[in-house]
Amino acid sequence: MRIATVAVASAALVAAGATAAVAAPAPAPSITVKASATTVRLGDVVTFTGKADGIREGSRVTLQVKDGRKWVSLPATAKVAKASYKLTDKFDKKGVEVLRVKDGSTVSKNVSVTVR
């Protein structure tokens, strides 16, 4: 009887240890974005920088602008290096531009730039 109890307890400990040893899933990729200026004059260049955690090194991120209800990719792209990126864009239309950075299905939060 005593041997059976020890065997059951040992099996329970092994099972609990095996469960704890399972690796947690990798965190989902994320992108942040920050504009060098939030209010600019027509024709000014704005630099966008951010972190690209979980995004493959050398991957291209793209700057997008909101056009009504849809997002339009701009020609401004940058390669991810050391989990960060830096890109620039020039604004040729007055008003408030809502922008984000995208890599595949991963997108940053929006940032607004007012062009005067």
Side-chain angles (χ1 to χ4, degrees):
M1 175 85 165
R2 186 173 183 181
I3 294 174
T5 304
V6 170
V8 169
S10 296
L13 289 173
V14 169
T19 303
V22 174
S30 66
I31 302 175
T32 63
V33 63
K34 182 178 179 184
S36 61
T38 56
T39 302
V40 296
R41 292 183 182 175
L42 194 64
D44 283 355
V45 174
V46 177
T47 301
F48 297 91
T49 56
K51 294 289 183 188
D53 293 324
I55 306 293
R56 193 185 60 200
E57 194 82 7
S59 183
R60 279 210 178 271
V61 293
T62 303
L63 185 64
Q64 293 187 317
V65 64
K66 193 163 191 178
D67 183 16
R69 291 182 158 194
K70 64 181 180 172
W71 289 96
V72 177
S73 292
L74 299 173
T77 64
K79 283 187 177 182
V80 173
K82 296 181 183 175
S84 64
Y85 68 90
K86 178 180 176 180
L87 54 86
T88 59
D89 196 33
K90 189 177 195 178
F91 295 94
D92 58 1
K93 185 175 99 177
K94 289 185 178 184
V96 176
E97 299 287 354
V98 179
L99 303 122
R100 71 180 185 182
V101 176
K102 180 178 183 183
D103 175 65
S105 62
T106 306
V107 295
S108 68
K109 290 185 178 180
N110 301 345
V111 64
S112 295
V113 176
T114 302
V115 183
R116 298 179 185 218

Asker: Cut-off 3.5 Å, no hydrogens considered: what does the side-chain donor-acceptor table look like for residues 84-95, sequence neighbours left out?
Answerer:
residue	atom	partner	partner atom	Å
Ser84	OG	Ala81	O	3.2
Tyr85	OH	Thr32	O	2.6

Asker: Shared ILVMFWY cluster between Leu74 and Val80, side chains joined below 4.5 angstrom?
Answerer: yes
Asker: Could you go through residues 105-116 and list every donor-acceptor pair under 3.5 Å that involves a side-chain atom there, pairing it with any protein atom two or more places apart or in another chain?
Answerer:
residue	atom	partner	partner atom	Å
Ser108	OG	Val101	N	2.9

Asker: Please name the pair of heavy atoms, one in Glu97 and one in Val65, separated by the smallest distance, quoted to 0.1 Å.
Answerer: OE1-CG2, 3.1 Å
Asker: Report all side-chain donor-acceptor pairs from residues 55-64 shorter than 3.5 Å, counting only partners two or more places apart or in another chain.
Answerer:
residue	atom	partner	partner atom	Å
Glu57	OE1	Lys82	N	3.2
Glu57	OE2	Lys82	N	2.7
Ser59	OG	Asp103	OD1	2.7
Arg60	NH1	Thr77	OG1	3.2
Gln64	OE1	Arg100	NE	2.7
Gln64	OE1	Arg100	NH2	3.0
Gln64	NE2	Ser73	OG	3.1

Asker: Compare every heavy atom of Gly54 with every heavy atom of Pro29, then report the nearest pair and how far apart it is.
Answerer: CB-O, 3.8 Å
Asker: For the hydrophobic clusters of this structure (ILVMFWY residues joined by side-chain heavy atoms under 4.5 Å, transitively), does one cluster hold both Val96 and Leu99?
Answerer: no
